[in-house]
Amino acid sequence: ILPQLNCPKIFIDRDHLYGHNMLCPYDVPVTNLYTKIFYPDPSDIGYILIRQPHEVLPTSVALQFLRITHSKPLIVAAHNGEPSETIAFFQQVMASIDFEQWELRLATLLPLKHPNLAPFLIHYYPLVELFSAIDLLITGAGYNSVAESTAFNIRVLFRPFPRPVDQQWERVKNKDLFFETSEPQEIRELIKHKLITHFPLHLPNKLQGAENIAAYIAKHITAKKSYT
């Protein structure tokens, strides 16, 4: 379709936010079909997010959606990959949880039919609205998960997944993470460390990435029209 479109085509490489090219080598030539490639920098442009601080729910309201009535630290594992992958990830997290000390919720939009997971499942979008009630987020290392947890400065533990066009490990290689082969005890220790580490929360800044990129695109299109 791209070659047939007789208009400016802009490729927004969001992952240069992290100083890495996440596209696998065989996908890079696809960018040649675009008239402009834009590398947004969060220190200048801001993060590309779907919610602003005032849209995050108050803690008491978020806890209701999460079905939490206890005062234990709340851990939320979130994933929306293939059903088998998502179930395996949730089972790995469950095997690592100390249920006497922690509460657990499993967030997904998939209609998973698994009896062991059912009591912990929540279906809520976007999860960022519930960040006020989450003590630790355990999630994959997709762009949105990394950008939201970074911008909103919440405790997070990453589990990168292999993808054909996305090298998730590169995105979080300098952060706390675990893998498919990690043992439950190892993950449990990571969780303990994250929960006891002092983590001063603050309101995010530089959140106007989408608006700034839209302004950039509009300016680029206007410039194109002026000399075509």
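Every heavy atom of this structure was used, including side-chain atoms; hydrogens, water molecules and symmetry mates were not.
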Practice item. Using atom types as modelled and distance alone, determine if a side-chain donor or acceptor of Arg105 lies under 3.5 Å from a backbone N or O of Ile134. Key: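 Not at all, since once roles are kept as given, no pair shorter than 3.5 Å links the two residues.
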
Point to revise | Ala141 backbone acceptor or donor facing Ser145 side chain under 3.5 Å | key: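 Absent.
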
Distance in Å, [X] [atom1] paired with [Y] [atom2], rounded so as to fall on 0.5 Å steps:
X	Y	atom1	atom2	answer
Phe65	Leu130	CZ	CG	7.5 Å
Ile138	Phe178	CD1	CZ	5.5 Å
Asp98	Leu104	CG	CG	11.5 Å
Met94	Ile97	CE	CD1	9.0 Å
Glu148	Ile154	CD	CD1	8.5 Å
Gln92	Thr181	CD	OG1	8.0 Å

Review point. Does the side-chain contact (heavy atoms from CB on, under 4.5 Å) test come out yes or no for Ile75 and Leu157, once each step is laid out?
Key: CA-CA 10 Å; Ile75 299 167; Leu157 181 59; over 6 Å; no

Check your understanding: Considering residues, nucleotides and ligands other than Glu183, do more than 12 of their heavy atoms fall under 6.0 Å from its CD?
Key ->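 Atom CD in Glu183 is not packed in, count stays at 12 or less.
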
Review point. For Glu189, does the CD atom have more than 12 heavy-atom neighbours from other residues, nucleotides or ligands under 6.0 Å away?
Key: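 Above 12, so yes.
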
For the residue pair [X] and [Y], what are the closest heavy atoms and their distance?
X	Y	result
Ser96	Ile191	O-CD1, 4.3 Å
Ser132	Pro58	OG-C, 3.6 Å
Ala133	Leu74	O-CD2, 3.4 Å

**Study point:** The single option from Phe179, Phe161, Phe158 passing ring pair (Phe, Tyr, Trp, His ring centres under 6.0 Å) against Phe89
**Key:**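 Among Phe179, Phe161, Phe158, the one that satisfies the ring pair (Phe, Tyr, Trp, His ring centres under 6.0 Å) with Phe89 is Phe161.
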
Point to revise | Residue from Leu137, Asn144, Thr139 passing side-chain contact (heavy atoms from CB on, under 4.5 Å) with Leu127 | key: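 For Leu127, the side-chain contact (heavy atoms from CB on, under 4.5 Å) check succeeds only for Leu137.
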
Practice item. Classify the side-chain pair Gln185/Arg188 by whether it contains a donor and acceptor separated by less than 3.5 Å. Key: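 There is such a pair (donor and acceptor under 3.5 Å, judged by atom type) between the side chains of Gln185 and Arg188.
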
Practice item. Would you check, one step at a time, whether the test side-chain contact (heavy atoms from CB on, under 4.5 Å) holds for Glu103 with Asp135? Key: CA-CA 10 Å; Glu103 289 283 355; Asp135 294 290; over 6 Å; no

Exercise for review: With sequence neighbours excluded, tell me which residues meet side-chain contact (heavy atoms from CB on, under 4.5 Å) with Pro126.
Suggested key: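 If we apply the side-chain contact (heavy atoms from CB on, under 4.5 Å) test to Pro126, skipping adjacent residues, the hits are Ile50, Arg51, Val128, Glu129.
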
**Study point:** Leu63 reachable from Val61 in the ILVMFWY side-chain graph, under 4.5 Å edges
**Key:**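 Same cluster.
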
Review point. Yes or no on side-chain contact (heavy atoms from CB on, under 4.5 Å) for Thr86 and Asn80, after CA distance, side-chain angles and deciding distance?
Key: CA-CA 6 Å; Thr86 301; Asn80 289 295; 5.7 Å; no

Exercise for review: Please examine the side chains of Leu177 and Pro160, heavy atoms only from C-beta on, and report whether any two atoms are closer than 4.5 Å.
Suggested key: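 A side-chain contact exists here, since the closest heavy-atom pair is under 4.5 Å.
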
Review point. Is there a side-chain contact between Glu55 and Leu49 (heavy atoms, below 4.5 Å)?
Key: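 Contact flag for Glu55/Leu49 side chains = no.
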
Can you give the donor-acceptor pairs under 3.5 Å from side chains of residues 110-123 to other protein atoms, not counting sequence neighbours?
from	atom 1	to	atom 2	distance (Å)
His114	ND1	Asn116	N	3.3
His114	NE2	Gln91	NE2	3.1
His123	ND1	Thr108	O	2.8

Review point. Between Arg163 and Glu85, does at least one N-O distance fall below 4.0 Å, as a salt bridge requires?
Key: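 A salt bridge links Arg163 with Glu85.
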
Review point. What's the verdict on side-chain contact (heavy atoms from CB on, under 4.5 Å) for Trp102 and Lys72, showing C-alpha distance, side-chain angles and the deciding distance?
Key: CA-CA 5 Å; Trp102 308 323; Lys72 300 176 184 177; 5.6 Å; no

